[in-house]
Amino acid sequence: MRVALFVTCVNDALSPRTGIAVVRLLERLGVAVDFPADQSCCGQPQYNTGYRRETEPLLRRAAAAFAGHEYVVTPSGSCAAMLREHYPRIGRKAEREGRGTELTDAAADLAPRVYELTEFLVDVLGVTDVGAYFPHTVTYHPSCHGLRGLGLGDRPRRLLAAVRGLELVELPGAEECCGFGGTFAVKNPDVSAAMGTDKIDSAAATGAEVLCGADNSCLAHLDGLLSRTPAPGPHAAASPGARAWAPPHARPGAPPGTHGDAPGPRGGAPLRTLHLAEILAATE
């Protein structure tokens, strides 16, 4: 089996290790991975801000870049939703405006071939145990596009539950938005930060070492909040509900991800974020 990797611009620019992890994971499962070099941004920022026509060239580019691939796999629920849910809407709108069926046809050809990573693993490959090993306590945040847009359901949690050494703990208020929402965070920064702080407080209350997600845009938002919060002082452990997390420079022994390479010991480690693909790619 051969797939095309749609790495997304956020991962390419900010979290390239997630893309590398996806390739490592899929190849370990016997899947050949192509990386079409002509891929670009899916246009979600433009589209969500109301610039529909400015998004159309990116639709054409994505359709051309991934032409001929039976499966297009992406480690991002939001970008998968853009290609699968919104590209067809852009095409239909252009058609209603009397501009022909070019975009409708392009979107109709591409959309059914797009899979978010956990969908591809569970629904196409039929696996939940991917041979991963990650001896850490993890809590999972389901991002809105994956949860509500794609309906990923329990696929990510089933994959995490099958990882050897991993202790999966429930995140209180898991289905609540983290406050990122793309341009929402720019237009409503105070509300966005408050929602993100609530999410981090909930994650810290679990005692988990790792706050895991399947969308690095949401994780970047949460990690930004973590980096702007002082490390707890010596009295913090005695305070009920105190946050057991610290800024990046105070995070020794971080697992593979944005802020370090070496896994830290179970227990007592500061909370950190990590994409699900990097956990699933980890081995002994």
Side-chain angles (χ1 to χ4, degrees), residues 8-11 13-18 21 44-45 48 75-79 81 116-118 134 136-149 152 156-157 160 168-232 236 241-251 253-260 264 269-280:
T8 81
C9 54
V10 168
N11 288 324
L14 301 179
S15 305
R17 273 183 275 198
T18 295
Q44 187 177 173
N48 288 348
S76 168
S78 64
C79 296
E116 187 271 341
L117 176 64
T118 65
F134 191 77
H136 300 280
T137 307
V138 175
T139 193
Y140 172 71
H141 164 59
S143 295
C144 293
H145 281 96
L147 178 68
R148 287 175 258 278
L152 295 182
R157 295 186 75 264
L160 289 169
L168 183 61
V169 294
E170 292 294 331
L171 177 64
E175 296 188 357
E176 296 175 6
C177 177
C178 71
F180 177 62
T183 54
F184 173 85
V186 178
K187 296 175 181 177
N188 304 278
D190 292 339
V191 176
S192 173
M195 294 171 71
T197 299
D198 286 347
K199 180 66 66 173
I200 292 169
D201 283 343
S202 295
T206 69
E209 299 168 68
V210 176
L211 173 56
C212 167
D215 259 295
N216 269 329
S217 52
C218 296
L219 293 179
H221 169 62
L222 295 172
D223 203 60
L225 291 168
L226 285 169
S227 72
R228 288 164 176 78
T229 302
R243 296 172 190 159
W245 33 279
H249 63 269
R251 300 181 194 177
T258 307
H259 300 298
L271 181 67
R272 57 189 71 88
T273 63
L274 194 63
H275 193 282
L276 178 144
E278 296 175 61
I279 293 176
L280 297 182

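Of the residues K199, E175, E176, the one that meets the side chain to side chain contact (heavy atoms under 4.5 Å, CB included) test with H141 is K199. Of the residues listed (L219, L152, N216, D215), the one engaging S143 in a side chain to side chain contact (heavy atoms under 4.5 Å, CB included) is D215, and it is the only one. Results of the side chain to side chain contact (heavy atoms under 4.5 Å, CB included) test with L276 over L160, T18, V138 single out L160 as the only residue that passes.
The shortest side-chain heavy-atom distance between E170 and T206 does not fall under the 4.5 Å cut-off. Within the 4.5 Å cutoff, no side-chain heavy atoms of P142 are placed close to those of P156.
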Step-by-step side-chain contact (heavy atoms from CB on, under 4.5 Å) determination, I279 to C212: CA-CA 9 Å; I279 293 176; C212 167; 3.9 Å; yes
Apply side-chain contact (heavy atoms from CB on, under 4.5 Å) to the pair S15 and H275, showing each step before the final yes or no. CA-CA 9 Å; S15 305; H275 193 282; over 6 Å; no
Would S76 and E116 satisfy side-chain contact (heavy atoms from CB on, under 4.5 Å), going step by step from the backbone distance to the final call? CA-CA 6 Å; S76 168; E116 187 271 341; over 6 Å; no
Criterion side-chain contact (heavy atoms from CB on, under 4.5 Å) on F134 and L280, from CA distance to verdict: CA-CA 8 Å; F134 191 77; L280 297 182; over 6 Å; no
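Across all non-hydrogen atoms, the minimal contact from L117 to A277 is CD2-CB, 3.7 Å. Scanning all heavy atoms of the two residues, the minimum distance from Q44 to C79 falls at NE2-N, 3.9 Å. Contact between A203 and L211 at its shortest, heavy atoms only, is CB-CD1, 4.0 Å. Looking at every heavy atom in both residues, P16 comes nearest to L14 through CD-C, 3.5 Å.
Taken from CG in L271 to CG in L274, the straight-line distance is 11.0 Å, to the nearest 0.5 Å.
A donor-acceptor distance shorter than 3.5 angstrom exists from the side chain of T139 to the backbone of V169, with no hydrogens or angles considered. Under the 3.5 Å distance criterion, the side-chain polar atoms of E209 are matched with a main-chain donor or acceptor of T137.
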